Every structure is written in C-alpha cells, then in structure tokens.
Amino acid sequence: MVLLKSFVLAGLTAVVAAKSAVLDLIPSNFDEVVLKSGKPTLVEFFAPWCGHCKNLAPVYEELAHAFEFTKDVQIAKVDADAERSLGKRFGVQGFPTLKWFDGKSDKPTEYNGGRDLEALTAFITEKTGIKSKKKLAPPSSVAYLTDATFKNIIGGDKHVLVAFTAPWCGHCKSLAPTWESLATTFANEPNVVIAKVDAEAENSKATANDYGVTSYPTIKFFSKGSTTPEDYNGGRSEEAFVAFLNEQAGTHRAAGGGVDATAGTFAVLDEIVTKYIGGTPLTDAAAEVKKAAESLKEDAQYKYAEYYIRVFDKLSKSDSFAAKELARLEGILKKGGLAPTKLDELTTKTNILRKFVEKVTGKDEL
C-alpha cells in the first residue's frame, strides 16, 4: 500500500510539473535556450528556500501562461542555489533576481519593477510589443509610483492617498481589491490620486525608506502642495476611505462609484431656495442667488452654483420646471449606460433639483 501510494504521489507530481509554462534552465541548456535562440527571455534566478521567491512563484507561473501562446518570448527560471555557476556568471547576489535577455546579447539588464502580474506583463509588452492573451483585470485607476515618479506627484496640485505594500504581505493582498475599487470611485476627481508603492521593489525602496515605512500596508495621505504626510489610521473599508478623502479633499464621492447626495449643493444657495419657497418673490430670489454665487467662483463645484441660477431662470418661464426636469433626468439615470462623467453630472443636477421639489412638496402639504 505504501509503495502504491508513493507511485501515485510521484505521478501527481509529474503531472503538476508538466503543466508549468516556465522553462527550467541549467548550465548545459542555458546558452542554447536563451543566448542562441534569438528569443527575448525573462529569467528568474531563485533559491528554493527563499521566501520572496516562494511568493513570486505563482505570479511568475501566471506570467508564463499569459505568454505561452507565442514562440517569440520566453519565461524561464534558474535554481541559482543548485546551479551556482550560472548565478555567478550573471552577477546574481540576491534572490529572486530577474534579468532580461533581449535575444541578441549575452549582457542582460536587471528588472527592478513591481512583482505583480500587471507590472511584469506590461514590462514584457513594452520590451517586445507582444500583448498577453490572458484576460487581465480592467485597467487599474491606481497610480503605481516609483522613486522617480513619486516626486513628480507628491507636493503638486493633487491630494494623494498612498498605500506602501509588499508582494508577500497578506494584509496587502486583502486590501488590494478595496484599493482598486477606491481608485475607480475617485477616477473622475482631477484633484485626487489613489496610489500604491511596492516598497520592496528596487526602484521604490528609497521612497519607502525616506518615509520610514517599516510595516505593510502603511497608508499615508499627502495634501496637495505638501510633501509632509498624515498617517492614515482609519478603517480599511472603501466607505471609511471615501469618508476620509471627502473630508480631506472636499470631494463628494460615494462608495462604489458616483457622487453622494450633497454633490453640487451649497448651503448658502439652499437657504435662498427655502426663502423662495416660503414666499420670497422669484425675481428677488433669483437676484440673491446670482449675487451669492459670485462668492463661490473659486469653488471646484462653481458650475453647479451656476446651475441654481439656471433653474431660477427656467422657473420664471414655467413654475413646474424643477419637477419636470427632475423626472426627466431620473428617467435617464434609470436607463443606465452613461459614461462616468455624465453620470456624475446628471446625479449632481438631480441633487439640486430635488432641493426645489422637496421644498415645494413640503409647502403644498402645509
């Protein structure tokens, strides 16, 4: 029975190994497969005992499967602990080390980018022009920053929320889908950036060290114009992040996408609407709104202050305008299929129109 079990296990191991799309390299086949084939090859030099290598292994396997449809690029690996001569030959000093062989030269370049599937895939596509046929997730709205790009974003005209992560970190992996969703939610906010830094990538380590990052994920908020961050210690749900950013950046986003019920509205203008409903003549209320809107010209939502003026103008021609326009826009929203920017615009206008309609309803009930 023990002998039979051993044969079964050996067979299963062979099947699993056969499914690997990563080429195994040793000194006797390295030159033939990599240097003389003329094919660009990404080679991972790893050690079986290396924790970072173990974390990279499933991602690297996915990468190989993503490009196995083509014969024009190769994904390979070397057990540099067992085959030390190869590691020494190419100057490998730590694990994992990824090197790119262009198929023309025996002088590789070292890969220092992120170790997630998206970053590795983008690198190969950039080098070869070959696109992966593997269906990847939709384009990310997260800004992936390095030592070079970090300095271009921080301290500029945008608020930036940054997650410092590591590929092997379990909590980072749990945060990842929330972070992607958060970035999508704020994709239409020109003054807000949701960013991520791979704190263990060679091209990002210096930035992580500069900001004293020692654990993962570490989340920091940089107000526009400032390079001094505020540590984020709140909840890790999208709702918590959205609430934090709305408060810090003056935005009106809603978790899951779109804008909240306050987007586009102004308390000072709503007070005038209330007075109008209470009996202030339309012409007087319209003039007062126009004057009050002048003080809001520096506000990012100023165009919606102008919308209040437009509503009053329309009401001078038809006192049922607000109700009819609200019904029209709600009908469009219900049908769906709108581009995100259009969805935001129409939702914001309904927020304003609802102020008029709700207040009119309240008056009628009295």
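Just so you know, these numbers use all the heavy atoms, side chains as well, and skip hydrogens, waters and symmetry mates. Note that the coordinates shown come from a computational prediction; the quantities given were computed from them, not determined experimentally.
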Just by modelled atom types, is the [Y] backbone N or O under 3.5 Å from a matching donor or acceptor in the [X] side chain?
X	Y	answer
S237	A240	yes
E61	A21	yes
N29	I26	yes
S226	S223	no
S318	L315	no
T121	L117	yes

Tell me, which pairs form a salt bridge (charged side-chain N to carboxylate O under 4.0 Å, His left out) where one or both residues lie in [range], sequence neighbours left out?
range	answer
residues 241-262	E189-R253, R253-D344
residues 90-101	K99-E110
residues 214-234	K220-D231
residues 315-334	D313-K317, E325-R328, E330-R354

Is any side-chain heavy atom of [X] less than 4.5 Å from a side-chain heavy atom of [Y]?
X	Y	value
R115	P96	yes
D198	P167	yes
T41	V73	no
F244	I219	no
I75	I124	yes
W168	K173	no
S37	Q74	yes
L145	T207	no

Supply the atom-to-atom distance [X] [atom1] to [Y] [atom2], rounded to the nearest 0.5 angstrom.
X	Y	atom1	atom2	value
N246	T251	CG	OG1	3.5 Å
L329	E345	CG	CD	9.0 Å
E62	S132	CD	OG	10.0 Å
L326	S320	CG	OG	12.5 Å
T347	I352	OG1	CD1	11.5 Å

Please tell me whether [X] and [Y] are part of a single hydrophobic cluster in this structure, the criterion being side-chain heavy atoms less than 4.5 Å apart.
X	Y	value
W100	F67	yes
V142	L161	yes
Y144	Y111	no
L343	V242	no
V259	L346	no

Residues [X] and [Y] bridged, charged N to O under 4.0 Å:
X	Y	value
E271	K275	no
E288	K291	no
D210	K205	no

Give the minimum heavy-atom separation between [X] and [Y], together with the two atoms involved.
X	Y	answer
Y60	L98	CE1-CD2, 3.9 Å
A64	V22	CB-CG2, 3.6 Å
W179	V162	CZ2-C, 4.0 Å
S140	E180	OG-OE1, 2.7 Å
P177	S174	CD-O, 3.5 Å
P27	S85	CG-OG, 3.7 Å

task = List for me each residue that meets salt bridge (Lys or Arg N to Asp or Glu O under 4.0 Å) alongside K54, sequence neighbours excluded, and say none if there are none.
result =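 Here no residue qualifies.
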
ask   = For K77, which residues count as a salt bridge (Lys or Arg N to Asp or Glu O under 4.0 Å) partner, sequence neighbours excluded?
value =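 Salt bridge (Lys or Arg N to Asp or Glu O under 4.0 Å) list for K77, sorted by chain: D24.
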
message = Could you go through T97 and E44, starting from their C-alpha distance and side-chain angles, then the distance that decides it, and tell me whether this counts as side-chain contact (heavy atoms from CB on, under 4.5 Å)?
response = CA-CA 6 Å; T97 291; E44 176 200 6; over 6 Å; no

request  = Would you please test L296 and V268 for side-chain contact (heavy atoms from CB on, under 4.5 Å) and show each step?
outcome  = CA-CA 10 Å; L296 300 171; V268 64; 4.3 Å; yes

query = So which residues get pulled into F46's cluster when ILVMFWY side chains under 4.5 Å apart are joined, directly or through others?
reply =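 Members other than F46 - counting any ILVMFWY side chain reachable under 4.5 Å - there are none.
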
task = Each residue besides V33 in its hydrophobic cluster should be listed here, by chain and number; the cluster joins Ile, Leu, Val, Met, Phe, Trp and Tyr at side-chain heavy-atom distances under 4.5 Å.
result =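 Noted: V33 shares its cluster with L23, L25, F30, V34, L35, V43, F45, W49, V78, L86, F90, V92, F95, F101.
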
message = Out of the candidates T184, T178, T185, only one should pair with E238 under the side-chain hydrogen bond (donor to acceptor under 3.5 Å, both in side chains) rule; please name it.
response =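 Between E238 and the candidates, side-chain hydrogen bond (donor to acceptor under 3.5 Å, both in side chains) is satisfied uniquely by T185.
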
query = Given T128 and D72, is the side-chain contact (heavy atoms from CB on, under 4.5 Å) satisfied, shown in steps?
reply = CA-CA 9 Å; T128 65; D72 296 325; over 6 Å; no

Aromatic ring pairing F164/Y211, orientation class (parallel under 30°, perpendicular over 60°, tilted between) =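 Judged by the thresholds at 30° and 60°, the geometry between F164 and Y211 is tilted.
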
key: Aromatic ring pairing H159/F221, orientation class (parallel under 30°, perpendicular over 60°, tilted between)   =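 Parallel.
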
Summary of ring-ring contact (aromatic ring centres under 6.0 Å, His included) pairs that have at least one residue in residues 283-309, sequence neighbours excluded =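 Passing the test, one end in residues 283-309: no pairs.
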
key: Side-chain donor-acceptor pair present, H65, E68, cut-off under 3.5 Å   =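 Indeed, the side chains of H65 and E68 share at least one donor-acceptor pair under 3.5 Å.
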
message = Under the rule for ring-ring contact (aromatic ring centres under 6.0 Å, His included), what residues qualify as partners of F312, not counting sequence neighbours?
response =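 Testing F312 for ring-ring contact (aromatic ring centres under 6.0 Å, His included), a comparison that skips the adjacent residues, returns Y276, F356.
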
task = Kindly indicate, with the supporting measurements, whether the criterion side-chain hydrogen bond (donor to acceptor under 3.5 Å, both in side chains) is fulfilled by T341 and N188.
result = CA-CA 7 Å; T341 51; N188 287 332; 5.7 Å; no

Report all side-chain donor-acceptor pairs from residues 148-155 shorter than 3.5 Å, counting only partners two or more places apart or in another chain.
| unit_1 | atom_1 | unit_2 | atom_2 | d |
| --- | --- | --- | --- | --- |
| T149 | OG1 | T146 | N | 2.8 |
| T149 | OG1 | T146 | OG1 | 3.3 |
| N152 | ND2 | A148 | O | 3.4 |

Output a table of donor-acceptor pairs, distance under 3.5 Å, between side-chain atoms of residues 190-197 and any protein atom two or more places apart or on a different chain; print 'none' if there are none.
none

message = Using the rule given for side-chain contact (heavy atoms from CB on, under 4.5 Å), can you reason through I130 versus T125, listing the C-alpha separation, both sets of side-chain angles and the distance that settles it, and then say yes or no?
response = CA-CA 5 Å; I130 301 170; T125 299; 5.9 Å; no

